[in-house]
Amino acid sequence: MSSIELSSYRDQHFRGSRAEQERLLKLSSTVYIGNLSFYTTEEQIYELFMKCGDLKRVIMGLDKVTKTPCGFCFVEYYTRGNAENSIRYINGTRLDDRIVRADWDAGFKEGRQYGRGKSGGQVRDEYRKDYDTGRGGWGKLLEHRMETNT
């Protein structure tokens, strides 16, 4: 068993039972990375996360409409130990002036690289009420309200 505990977050779109999801999370060598700047590059991700071990691949999260980065990615390592190191040492550190979040993922499946928000990006960016240059400005719902009031 890993010395890095599983967080309480579970992907609500996981296709399978809760027990299967738990089993995969405990065996996974894939890490979900959140709170990235929309301007963080794949090269920056590789550079940072390779410090914890050999990477199999990085899958950048994309807005499903514009196909541009939308603030998350998946990092796949060859071993569980290297993935564990990334959660231990990189979670909570700064990249592109943002505090990144690293958490276990049950394993990347095609299609998960796209944002799930109504506007194409991440759901959290639709409800955000602050102005965040690293994540495209205002939240999408607030931006829409501002556009309709002008």
Side-chain angles (χ1 to χ4, degrees), residues 1-117 119-140 142:
M1 177 66 186
S2 166
S3 64
I4 300 290
E5 296 299 317
L6 299 179
S7 72
S8 59
Y9 174 79
R10 295 297 176 269
D11 181 359
Q12 300 303 311
H13 294 270
F14 179 79
R15 304 236 187 258
S17 69
R18 178 69 119 212
E20 176 68 4
Q21 186 178 29
E22 295 291 318
R23 186 184 73 74
L24 291 172
L25 286 168
K26 289 175 182 173
L27 299 173
S28 181
S29 59
T30 302
V31 180
Y32 170 87
I33 309 302
N35 200 40
L36 295 174
S37 166
F38 289 3
Y39 307 103
T40 299
T41 66
E42 194 170 325
E43 291 76 22
Q44 289 173 284
I45 300 293
Y46 270 100
E47 185 178 329
L48 179 60
F49 285 85
M50 280 178 42
K51 293 177 181 186
C52 294
D54 290 334
L55 294 180
K56 192 176 204 177
R57 66 180 176 159
V58 170
I59 301 105
M60 295 300 287
L62 301 174
D63 182 297
K64 66 184 165 206
V65 176
T66 64
K67 306 297 187 265
T68 57
C70 68
F72 71 97
C73 73
F74 298 93
V75 175
E76 288 185 348
Y77 285 94
Y78 285 101
T79 69
R80 172 80 177 190
N82 290 340
E84 190 174 298
N85 283 338
S86 75
I87 292 174
R88 180 180 290 120
Y89 300 119
I90 297 177
N91 183 42
T93 63
R94 198 171 286 279
L95 176 63
D96 263 356
D97 268 343
R98 304 190 67 76
I99 303 296
V100 296
R101 291 188 322 267
D103 200 359
W104 291 113
D105 187 78
F108 177 76
K109 296 225 183 325
E110 191 58 39
R112 290 191 61 219
Q113 72 268 38
Y114 298 112
R116 296 176 179 166
S119 64
Q122 287 189 273
V123 173
R124 68 186 291 253
D125 287 314
E126 300 200 343
Y127 297 97
R128 192 168 35 77
K129 292 185 167 100
D130 61 323
Y131 186 83
D132 188 338
T133 55
R135 292 188 72 87
W138 296 105
K140 295 295 183 189
L142 189 58

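All figures in this text were calculated on a predicted structure; none of them were measured in a lab.
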Exercise for the section: Find out whether Glu76 and Phe49 are in side-chain contact, i.e. whether some heavy atom of one side chain is under 4.5 Å from a heavy atom of the other. Expected result: no

Completion exercise
Those residues at least two apart in sequence (or on a different chain) that pass salt bridge (Lys or Arg N to Asp or Glu O under 4.0 Å) with Glu20 are Arg23

Handout entry: Any donor-acceptor pair under 3.5 Å from Gln113 side chain to Gly111 backbone
Key = yes

Practice task
Mark yes or no for whether Arg94, through its side chain, and Ile99, through its backbone, hold a donor-acceptor pair below 3.5 Å.
Solution key: no

Handout entry: Pairwise distance OG1(Thr79) to NZ(Lys56) - rounded to 0.5 angstrom
Key = 11.0 Å

Exercise for the section: Start with the C-alpha gap between Tyr77 and Asn85, add the side-chain angles, then the distance that decides, and say whether side chain to side chain contact (heavy atoms under 4.5 Å, CB included) holds. Expected result: CA-CA 10 Å; Tyr77 285 94; Asn85 283 338; over 6 Å; no

Problem - Set of residues satisfying salt bridge (Lys or Arg N to Asp or Glu O under 4.0 Å) with respect to Glu22, sequence neighbours excluded - result: Arg10

Exercise for the section: To the nearest 0.5 Å, tell me how far Glu42 CD sits from Ile59 CD1. Expected result: 9.0 Å

Fill in the blank from the handout: Tightest non-hydrogen contact, residues Ser86 and Cys52, listed as CA-SG, 3.5 Å

Handout entry: Side chain proximity check, Leu36 to Ile45, heavy atoms < 4.5 angstrom
Key = yes

Problem - Side chain Thr93, main chain Ile90, donor-acceptor under 3.5 Å - result: yes

Handout entry: From Asn35 atom CG to Asp96 atom CG, the distance as rounded to the nearest 0.5 Å
Key = 11.0 Å

Problem - Close side-chain approach of Asn91 and Arg101, heavy atoms under 4.5 Å - result: yes

Practice task
Starting from the C-alpha separation in whole Å, work towards a yes-or-no answer on side chain to side chain contact (heavy atoms under 4.5 Å, CB included) for Lys109 and Phe74.
Solution key: CA-CA 10 Å; Lys109 296 225 183 325; Phe74 298 93; over 6 Å; no

Exercise for the section: Please round to the nearest 0.5 Å and tell me the distance separating atom CH2 of Trp104 and atom CG of Leu6. Expected result: 8.0 Å

Exercise for the section: Kindly compute the distance separating CE (Met60) from SG (Cys70), expressed to the nearest 0.5 Å. Expected result: 9.0 Å

Handout entry: Interatomic spacing from CD1 in Ile33 to CG in Asp103 - rounded to 0.5 Å
Key = 9.0 Å

Problem - Donor-acceptor contact below 3.5 Å, side chain Ser29 vs main chain Ala83 - result: no

Exercise for the section: Can you see which heavy atom on Ala106 is nearest to which on Ser28, and at what distance? Expected result: C-OG, 4.2 Å

Problem - Stepwise side chain to side chain contact (heavy atoms under 4.5 Å, CB included) test for Tyr46 and Leu55 - result: CA-CA 8 Å; Tyr46 270 100; Leu55 294 180; 3.4 Å; yes

Handout entry: Side-chain donor/acceptor of Arg112 to backbone N/O of Gly107, under 3.5 Å
Key = yes

Handout entry: Test item: Phe108 and Arg57 side chains (from C-beta on) under 4.5 Å apart, heavy atoms
Key = yes

